[in-house]
Protein chains: 2
Amino acid sequence: MTQVHCTRAQTAVLQVLQQQHEPISAQELHKLIKQHQRIGLATVYRALDVLKRMGKVQHRVTLTGEKLYNAVEQDRHYMTCLDCGQSFPMNTCPLKGLELSLQHTSSFTIYYHTLEFFGLCEPCSAQGG
Amino acid sequence: MTQVHCTRAQTAVLQVLQQQHEPISAQELHKLIKQHQRIGLATVYRALDVLKRMGKVQHRVTLTGEKLYNAVEQDRHYMTCLDCGQSFPMNTCPLKGLELSLQHTSSFTIYYHTLEFFGLCEPCSAQGG
DNA sequence: GTTATTGCAAACAATTTGCACCCAC
DNA sequence: GTGGGTGCAAATTGTTTGCAATAAC
């Protein structure tokens, strides 16, 4: 857990994730890194696992069960439509302050959070009922 | 999408989920229902899928990738330790009011949200560093 | 009687593991 | 030179699909 140096794979994974504007899947991540260096898919998963445990990378899960990873500092959240499955990014995080105040009332050390709203987007809610 | 009646399976799934205090996996759910009626695992997944789309059931994903389902009205949240993997339930939902106010500023119809904090629990943060 | 729902088993896909090889120090 | 990091391919797991049988109305 107390790891000072990042391995080659971990560095590559973190770097590519930090360049993305949106969370991406492990498979996509693998493709992107392969453009620059020889790397196996398993190594990508292993690096992601370590980075997650270090609190540097987080992931969210789409309605289809796919995991999408992003660098923690990005702190992006989504509203996802249960009907069409589209995810709409939110421009702000409603928990910014709350997380800080929670740090004080609890002995748990918070690295990051996941937050996602589910419901119906405007078009779907107009049609479906 | 516009479904008035619930099927036998859907009823069973929802009922069992409402009886649980904590989210459970689809496999556990299947075992529990099988005690009372003949049901296939696939049917459980199918029922969960419909109920999720109806906004009656939601799920969260553990660090190990397992999906745990619960009835939406329960609105339970967790703090999960990245080191030992344990999840600690939170007694309140910090978004109670916020979700309502969000309904007004956005055209998205919110059914429910997922929220989870990740970091280190007290024991792990004492040891690990 | 007709249509949607179900159970089963086979198929699928993402992820994890075992192991020999390679690189960094 | 040694130990951890890595690639590859095989194994594993949770989930989904096809289809004939069944239940609901």
Side-chain angles (χ1 to χ4, degrees), chain A residues 1-17 23-54 56-70 80 82 85 87 114, chain B residues 1-17 20 22-54 56-70 80 82 85 87 114:
Chain A
M1 184 75 205
T2 316
Q3 189 181 343
V4 182
H5 303 298
C6 275
T7 66
R8 187 158 40 104
Q10 283 157 25
T11 309
V13 164
L14 193 55
Q15 207 172 86
V16 170
L17 282 184
I24 61 176
S25 69
Q27 321 259 347
E28 280 179 88
L29 189 49
H30 178 223
K31 274 184 217 149
L32 286 172
I33 300 175
K34 256 202 317 197
Q35 295 175 359
H36 301 293
Q37 64 184 251
R38 196 159 163 274
I39 192 172
L41 182 53
T43 303
V44 172
Y45 280 110
R46 279 187 281 236
L48 281 171
D49 189 56
V50 174
L51 291 168
K52 272 191 286 185
R53 295 187 122 72
M54 294 180 5
K56 295 193 175 178
V57 162
Q58 68 176 124
H59 71 269
R60 71 186 193 97
V61 183
T62 66
L63 285 185
T64 63
E66 198 179 17
K67 288 184 188 150
L68 302 181
Y69 300 86
N70 66 282
T80 295
L82 291 166
S87 286
T114 61
Chain B
M1 185 74 205
T2 316
Q3 188 181 343
V4 182
H5 303 298
C6 275
T7 66
R8 189 157 41 103
Q10 283 157 26
T11 309
V13 164
L14 194 55
Q15 207 171 88
V16 170
L17 282 184
Q20 304 308 307
E22 298 291 324
I24 61 176
S25 69
Q27 322 259 347
E28 280 179 87
L29 189 49
H30 178 223
K31 275 184 215 148
L32 286 172
I33 300 175
K34 255 201 316 198
Q35 295 175 357
H36 301 293
Q37 63 184 252
R38 194 159 165 273
I39 192 171
L41 182 54
T43 304
V44 172
Y45 280 110
R46 279 186 282 234
L48 282 171
D49 190 56
V50 174
L51 291 168
K52 272 191 286 185
R53 294 187 124 70
M54 294 181 2
K56 295 192 174 178
V57 162
Q58 68 176 127
H59 71 269
R60 71 186 193 97
V61 184
T62 66
L63 284 185
T64 63
E66 198 179 18
K67 288 183 189 153
L68 302 181
Y69 300 86
N70 66 282
T80 296
L82 291 166
S87 285
T114 61

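Quick note on labels: first sequence line is chain A, next is B, and so on, each numbered from 1. Bear in mind the structure is a predicted one, so any value in this text is a computation, not a measurement.
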Nearest-Å distance for atom pair [atom1]/[atom2], residues [X] and [N]:
{"X": "B:R46", "N": "C:dC8", "atom1": "CZ", "atom2": "C1'", "value": "10 Å"}
{"X": "A:K52", "N": "C:dT15", "atom1": "NZ", "atom2": "C1'", "value": "10 Å"}
{"X": "A:Q37", "N": "C:dC22", "atom1": "CD", "atom2": "P", "value": "17 Å"}
{"X": "B:L48", "N": "D:dT15", "atom1": "CG", "atom2": "P", "value": "9 Å"}
{"X": "B:H30", "N": "D:dT16", "atom1": "NE2", "atom2": "C1'", "value": "15 Å"}
{"X": "B:E28", "N": "D:dT15", "atom1": "CD", "atom2": "C1'", "value": "16 Å"}

State whether B:R8 places a side-chain N or O below 4.0 Å from either non-bridging phosphate oxygen (OP1 or OP2) of D:dT22.
-> no

N/O (side chain, B:T7) to phosphate O (OP1/OP2, C:dT5) under 4.0 Å | no

Candidate list A:L41, A:T43, A:V16, test side-chain contact (heavy atoms from CB on, under 4.5 Å), partner A:I33, passing option | A:V16

Between [options], which one does the side chain of [X] approach most closely?
{"X": "A:A9", "options": "C:dT16, C:dC8, D:dT6", "value": "D:dT6"}
{"X": "B:T43", "options": "D:dT15, C:dG7, D:dG7", "value": "C:dG7"}
{"X": "B:Q27", "options": "D:dT15, C:dT6, D:dT6", "value": "D:dT15"}

Crowding at NZ, B:K52 (>12 non-hydrogen neighbours, <6.0 Å) | yes

Least distance between heavy atoms, [X] atom then [Y] atom:
{"X": "B:V13", "Y": "B:A47", "answer": "CG2-CB, 3.8 Å"}
{"X": "B:Y69", "Y": "B:L17", "answer": "O-CD2, 3.6 Å"}
{"X": "A:L51", "Y": "A:Q10", "answer": "CD1-O, 3.8 Å"}

Comparing B:E66 and B:R38 on DNA chain D - which has the more 5′ nearest nucleotide = B:E66

Of B:A42 and B:G65, the one whose nearest nucleotide on DNA chain D sits closer to the 5' end is B:G65

Contact class for B:I39 (heavy atom, under 4.0 Å): base, sugar-phosphate, or nothing?
-> sugar-phosphate

